[in-house]
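Taking it in order: structure first as C-alpha cells, then the write-up.
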Amino acid sequence: MKLATWNVNSLKVRLPHLLGWLASAQPDVVCLQETKTEDAGFPFAELAAAGYQALHNGQKTYNGVALLARSEPSEVLRALPGFEDGQKRLLAATVAGVRCICAYMPNGQAVGSEKYAYKLAWLDALARWLQDELKRFPQLALLGDFNIAPEDRDVHDPQAWQGQVLCSEPERAAFRRFIDLGLVDAFRLFPQPEKSFTWWDYRMMAFRRNHGLRIDHILVSPRLAARCRACLIDVAPRKLERPSDHAPVIAEFV
DNA sequence: ATGGCTTGAGTGTCAAGA
C-alpha cells in the first residue's frame, strides 16, 4: 500500500502532471493541498477515469484539500474539530483500515504576524484533536504540507533561515508535539540523501541549485510505522514545464 | 534591495505563497 502527499499549487493547472504521476507512481491514497478551486471546478471525472475516488474540501482561489483513493473512503471529516476556520485545510477519511489525514497547515507569513499566530493556534488545535484520533485509529497517517522544516538538515541554508517562518522554534516545537504523541516521520525511518527537500522557490533558479526546504511530510502512528518499508521524495514532477513548487512524498507499507 | 516567480481574480494590478 502506497500513501502520498503533494501540494499541487492549483489543481486546474497541475491536472496533467497529477494524472501522469498517478500512472507512474501508482499510489493507493493521495492527499493533495492547494487545489485552489471549489467543487464545481474539481476534476472528479478525470480522476475516476484514472481509477481514483476523490473527496474534496475546497474553496475559491485559496487553500483546498483533496483525498484520492483506489478503494472506498469512509468516516469522512472536513474540518478540524474545535477550531473555527473559514479556510479549507483539513480532510480526513479511513481507507483500507488506515486513518488518512490530509492537512494544508498555515504558512504563517512572518514570525510575529497575525497569520503566524493563526498558524500556531491551528497547529495547537490539530495536536489536541490528534490525541483523540490516535486512540480511535491505531493505524493513522498525517500527510500534507506542514509548512515546517523540522530540523536544520531539512533546510538548504540553516543560517539564513534561522528563526524565520517555517523554521522558527515555536513551529518546530509544534512539529515535535506531533512526534511526542507517538507519530513517526516516515522519511527519517530510512537512510536518505543529504539535502533532501520537498519545496523550492520559483525564483532565483532555486530548484536547479537545490535551494529548498523539506516541509511536506508523512507522519505515521507506531502501528503503521511497523508496516513502513520505504519513503521517498519524487523530484521528477518538479522538473516538468510549469511545475508545482512542491514535490510529492510517497511512503510504502506492507 | 522584503525583490526575484506563479497562481487566481479579472482587464488594473494585487494578494498570497514560503
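What you see below is based on every heavy atom in this structure, not just the backbone, and it leaves out hydrogens, waters and symmetry mates.
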Inset, instruction - Tell me what A:Asn7 touches on the nucleic acid: a base, only sugar-phosphate, or nothing, going by heavy atoms under 4.0 Å. - result: sugar-phosphate

Inset, instruction - Answer yes or no: are there more than 12 heavy-atom neighbours, outside A:Glu84 itself, under 6.0 Å from its atom CD? - result: no

Inset, instruction - Would you indicate what A:Val165 reaches in the nucleic acid, counting non-hydrogen atoms under 4.0 angstrom: base, sugar-phosphate, or nothing? - result: nothing

Inset, instruction - Could you please name the option among B:dA18, B:dT6, B:dT7 that lies closest to any side-chain atom of A:Ser10? - result: B:dT7

Inset, instruction - Look at all strands and tell whether A:Asp216 reaches a base, only sugar-phosphate, or nothing, counting heavy atoms closer than 4.0 Å. - result: nothing

Inset, instruction - Among A:Thr5, A:Asp145, A:Asn7, find the residue that satisfies the side-chain hydrogen bond (donor to acceptor under 3.5 Å, both in side chains) test when tested with A:Gln33. - result: A:Thr5

Inset, instruction - May I ask you to check whether over 12 heavy atoms, not counting those of A:Lys88, lie within 6.0 Å of atom NZ? - result: no

Inset, instruction - Ignoring hydrogens and angles, state whether a donor on the side chain of A:His17 or A:Ser244 is under 3.5 Å from an acceptor on the partner side chain. - result: no

Legend entry - Per A:Leu166 side chain, nearest of listed nucleotides B:dA18, B:dT7, B:dG8: B:dA18

Legend entry - Distance in angstrom units between A:Met204 CE and B:dA1 C1', rounded: 11 Å

Inset, instruction - Can you tell me the distance, in whole Å, between the CG atom of A:Asp201 and the C1' atom of B:dG4? - result: 8 Å

Legend entry - Nearest-neighbour nucleotide for the A:Lys115 side chain, B:dA18, B:dT6, B:dA16 considered: B:dA16

Legend entry - Nearest-angstrom distance from the residue atom CD of A:Gln59 to P of B:dT7: 18 Å

Inset, instruction - Please say which of A:Arg70, A:Arg229, A:Glu252 ends up in a side chain to side chain contact (heavy atoms under 4.5 Å, CB included) with A:Lys2. - result: A:Glu252

Legend entry - Below 4.0 Å: OP1/OP2 of B:dA18 and any side-chain N or O of A:Tyr104: yes

Legend entry - Euclidean distance, atom CG of residue A:Leu240 to atom C1' of B:dT6 [Å, nearest integer]: 16 Å

Inset, instruction - To the nearest Å, give me how far apart CG (A:Asn107) and C1' (B:dT2) are. - result: 14 Å

Legend entry - Distance below 4.0 Å between A:Arg203 side-chain N/O and B:dA18 OP1 or OP2: no

Inset, instruction - Report the nucleotide, chosen from B:dT6, B:dA18, B:dG8, that has the shortest atom-to-atom distance to any side-chain atom of A:Leu213. - result: B:dA18

Inset, instruction - Determine the contact category for A:His246: base if any of its heavy atoms lies under 4.0 Å from a base atom, sugar-phosphate if only primed atoms, P, OP1 or OP2 are that close, otherwise nothing. - result: sugar-phosphate

Inset, instruction - Give the rounded distance in Å between these two atoms: CZ of A:Arg89 and P of B:dA18. - result: 8 Å

Legend entry - Rounded distance (Å) that lies between atom P of B:dA18 and atom CZ of A:Arg238: 12 Å

Inset, instruction - Identify whether any heavy atom of A:Phe146 sits under 4.0 Å from a base atom; if not, whether one sits that close to sugar-phosphate; answer base, sugar-phosphate or nothing. - result: nothing

Inset, instruction - Would you kindly give the CG-to-C1' distance between A:Asp245 and B:dG17, to the nearest whole Å? - result: 7 Å

Legend entry - A:Tyr202 side chain, from C-beta outward: closest of B:dA18, B:dA15, B:dC5: B:dC5

Inset, instruction - Would you classify A:Glu34 as touching base, sugar-phosphate or nothing, given that sugar-phosphate means primed atoms plus P, OP1 and OP2, and contacts are heavy atoms under 4.0 Å? - result: sugar-phosphate

Legend entry - Lys/Arg N to Asp/Glu carboxylate O, A:Arg136 vs A:Glu75, below 4.0 Å: yes

